[in-house]
Amino acid sequence: NRYCKEFSFIHILPFYPYSSDDGFAVVDYENVNQEHGNWEDFKKISSNYKVMSDLVINHCSSENILFKNFLNKTDPGSDYFIVSKKNFLQSFFSGVLFHGFYLGGVFYSISIGMPTGLAALIVTLQPILTNALSGPILKEQVSIKQWTGVLLGFVGASLVLGFEIGSKIPTAGLIATIIALIAITSSTLWQKTISNNLPLSVSNMNQALGGFSFHLLIIIFFVDPYIEFSKTFIIAMSHQIFLVSFGAFTILMFLIKKNSASKTVSIFFLIPAVSAFMGWFFLDEILTKIDLVGFFIATIGVYIATKK
């Protein structure tokens with residue numbers, strides 16, 4: 001009453017318990033989020049003011065009992081939702097870009113002799129491209145401060161990666177790396193536009209199917225398939241499945257969904273520096289003063305680019 005005594009109407013934004021989307025992914029329509037009070041508080045407000053509120057009945061959280069009933073084909077809720085093939089195809093295509101053209105392109109280029117440092121340096125251009133395109137495509141505001149952080153991040157990453165690119169650069173490897181760069185940039189922008197269409201777990205599964213289908217076609221038409229079940233193979237596959245697919249990509253999709261695409265990708269600049277530290281700690285690789293300077297500059301850059 002102290003702050004609203006001049007008003008006769010009050011518009012209350014979503015006040016239910018929720019899981020995401022700033023209150024719009026409703027978990028329970030029958031209760032009030034404890035952070036906002038309870039139904040008695042709502043009644044007191046409505047006794048003094050005319051109240052208008054967002055009921056949010058056109059969509060809800062994947063944790064809502066109605067959606068769980070829909071998945072289990074029980075009532076109430078068995079016919080409350082529509083399954084869209086469009087959403088599946090969108091996230092499927094995202095998986096083709098992320099797991100197929102991006103990861104596959106980088107691995108292929110290195111396998112045919114592309115220097116790893118150069119391949120990493122080319123792919124590290126991704127945050128710059130994403131920041132340049134997120135404005136016209138996603139209508140995100142990229143400030144001068146953010147651009148300063150991005151450029152510092154790229155300089156730091158470049159110092160860590162170094163400039164020894166070797167005497168021979170395979171043309172096919174260079175093309176594959178550039179395709180990988182385009183794929184990770186376009187897939188990041190694409191994922192941001194569709195991130196709210198499906199629950200994260202469902203989207204990740206569809207992406208995995210997209211990546212699997214892409215590589216299955218590559219195996220069928222371009223190579224002679226075989227599997228050697230060695231210790232190295234099992235460790236490598238475990239790394240790809242648990243750390244890359246379930247770990248890194250799930251975190252990346254979560255960050256893209258919650259934050260702006262331009263700020264999220266700035267974190268990529270820390271990858272070369274962190275990899276250098278891991279190589280020094282686990283593999284006894286040499287960590288030079290230039291690596292340390294690069295790590296420091298990249299860290300400052302990422303901090304500036306992602307700070308609110």
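Please read all numbers here as calculations on a predicted model, not as lab measurements.
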*Could you tell me whether the side chain of L252 reaches within less than 4.5 Å of the side chain of F98, counting heavy atoms only?*
yes
_More than 12 heavy atoms of other groups within 6.0 Å of I220 CD1_ = yes
*Run the numbers on T124 and F269 for side chain to side chain contact (heavy atoms under 4.5 Å, CB included), then give the verdict.*
CA-CA 7 Å; T124 304; F269 288 130; 3.5 Å; yes
*How many angstroms lie between atom CG of L174 and atom CD1 of I122, to the nearest 0.5 angstrom?*
5.0 Å
*For the residue pair F42 and F15, categorise the inter-ring angle as parallel (less than 30°), tilted (30 to 60°) or perpendicular (more than 60°).*
tilted
*Kindly assign one of parallel, tilted or perpendicular to the pair F92 and F88, based on the angle between their ring planes and the thresholds 30° and 60°.*
tilted
*Between M114 and A119, which heavy-atom pair has the shortest distance, and what is it?*
CG-CB, 4.1 Å
*Is the side chain of D41 donor-acceptor paired with the backbone N or O of N38 at a distance under 3.5 Å, no angle test?*
yes
_Applying side chain to side chain contact (heavy atoms under 4.5 Å, CB included) to D21 and K257, what does each step give before you reach the verdict?_
CA-CA 9 Å; D21 297 336; K257 182 175 182 177; 4.3 Å; yes
*Is there a donor-acceptor pair closer than 3.5 Å between any side-chain N or O of S203 and the backbone N or O of L200?*
no
_Would you compute the distance between atom CZ of F222 and atom CG of L217 and round it to the nearest 0.5 angstrom?_
9.0 Å
*Between D54 (side chain) and P14 (backbone), is there a donor-acceptor pair under 3.5 Å?*
no
*asked:* How long is the straight-line distance from CD of Q126 back to OG1 of T185, given to the nearest 0.5 Å?
replied: 4.5 Å
*Output yes when a side-chain donor or acceptor of H215 lies under 3.5 Å from a complementary backbone atom of H99, and no otherwise.*
yes
*Counting N and O atoms only, with roles assigned by atom type, does the side chain of Y29 sit under 3.5 Å from a partner on the main chain of L55, one being a donor and the other an acceptor?*
no
*Given side chains that start at C-beta, do those of S134 and V142 come closer than 4.5 Å, heavy atoms only?*
yes
*Examine distances only and state if a side-chain atom of S47 and a backbone atom of K44 form a donor-acceptor pair shorter than 3.5 Å.*
yes
*What is the distance from atom CD1 of I219 to atom OH of Y226, rounded to the nearest 0.5 Å?*
11.5 Å
*Regarding T288 and D291, is there a side-chain donor-to-acceptor distance under 3.5 Å anywhere?*
yes
_Do Y49 and F9 sit in one hydrophobic cluster, given that two such residues count as connected whenever their side-chain heavy atoms are within less than 4.5 Å of each other, even indirectly?_
no
_Non-hydrogen atoms of K139 and P136 that approach each other most closely_ = NZ-O, 3.5 Å
*Steps toward side chain to side chain contact (heavy atoms under 4.5 Å, CB included) verdict (F268, I271)*: CA-CA 5 Å; F268 279 49; I271 294 177; 4.3 Å; yes
*asked:* With a 3.5 Å distance limit and no angle check, can you tell me whether K50 reaches the backbone of S8 through a side-chain donor-acceptor pair?
replied: no
*Nearest non-hydrogen partners of P76 and N69, listed with the distance*: O-ND2, 2.8 Å
*Check the side chains of E140 and S262 for a donor-acceptor pair under 3.5 angstrom, ignoring hydrogens and angles.*
yes
_Counting neighbours of CG on D224 that are heavy atoms of other residues, nucleotides or ligands and sit closer than 6.0 Å, is the number greater than 12?_
no
*Rounded to the nearest 0.5 Å, what's the gap from NZ on K307 to NZ on K145? Could you check?*
6.5 Å
*Kindly work out whether a path of hydrophobic side-chain contacts (I/L/V/M/F/W/Y, heavy atoms less than 4.5 Å apart) joins I179 to F214.*
yes
*asked:* Testing the basics here: between F107 and Q240, what is the closest heavy-atom pair and its distance to 0.1 Å?
replied: CZ-NE2, 3.9 Å
*Considering residues, nucleotides and ligands other than Y303, do more than 12 of their heavy atoms fall under 6.0 Å from its OH?*
no
*Is the number of heavy atoms from other residues, nucleotides or ligands within 6.0 Å of CG (L13) greater than 12?*
yes
*Tell me, do F277 and V274 make a side-chain contact under 4.5 Å, heavy atoms counted?*
no
*Report yes if some heavy atom in the side chain of I304 is under 4.5 Å from a heavy atom in the side chain of Q146; otherwise report no.*
no
*Does the ring center of F67 lie less than 6.0 Å from the ring center of F81?*
yes
_Working for side chain to side chain contact (heavy atoms under 4.5 Å, CB included), residues S260 and K192_ = CA-CA 8 Å; S260 67; K192 181 60 182 178; 5.6 Å; no
*Would you confirm whether S245, through its side chain, and F242, through its main-chain N or O, come within 3.5 Å as a donor-acceptor pair?*
no
*Kindly say whether P17 contributes a backbone atom to a donor-acceptor pair with the side chain of N33 at under 3.5 angstrom?*
no
*Look at the side chain of S94 and the backbone N and O of Q191, then say whether any donor-acceptor pair between them is shorter than 3.5 Å.*
no
*Decide yes or no for E63 and D28: does some side-chain heavy atom of the first lie under 4.5 Å from some side-chain heavy atom of the second?*
no
*asked:* For D22, is the CG atom crowded, meaning more than 12 foreign heavy atoms sit under 6.0 Å from it?
replied: no
_More than 12 heavy atoms of other residues, nucleotides or ligands under 6.0 Å from CD1 of I234: yes or no?_
yes
*What's the shortest heavy-atom distance between V150 and S266, and which atoms?*
CG2-OG, 3.8 Å
_For a quick check under 3.5 Å, do S109 and T177 share a side-chain donor-acceptor pair by atom type?_
yes
*asked:* Any non-hydrogen side-chain atom of T299 less than 4.5 Å from a side-chain atom of L270?
replied: yes
_Please tell me whether I112 and L103 are part of a single hydrophobic cluster in this structure, the criterion being side-chain heavy atoms less than 4.5 Å apart._
no
*So do F154 and L125 actually touch side chain to side chain, heavy atoms under 4.5 Å?*
yes
*According to a 4.5 Å side-chain heavy-atom criterion applied to Ile, Leu, Val, Met, Phe, Trp and Tyr, with indirect links allowed, do I218 and L97 form part of one hydrophobic cluster?*
yes
_Euclidean distance, Y102 OH relative to T188 OG1, rounded to 0.5 Å_ = 8.5 Å
*Going by heavy atoms in the side chains, are I184 and F101 under 4.5 Å from each other?*
no
_For the student: nearest non-hydrogen atoms of L287 and L292, plus distance_ = CD2-CD2, 3.8 Å
_Joint hydrophobic cluster, M237 plus F249, side-chain heavy atoms closer than 4.5 Å_ = no
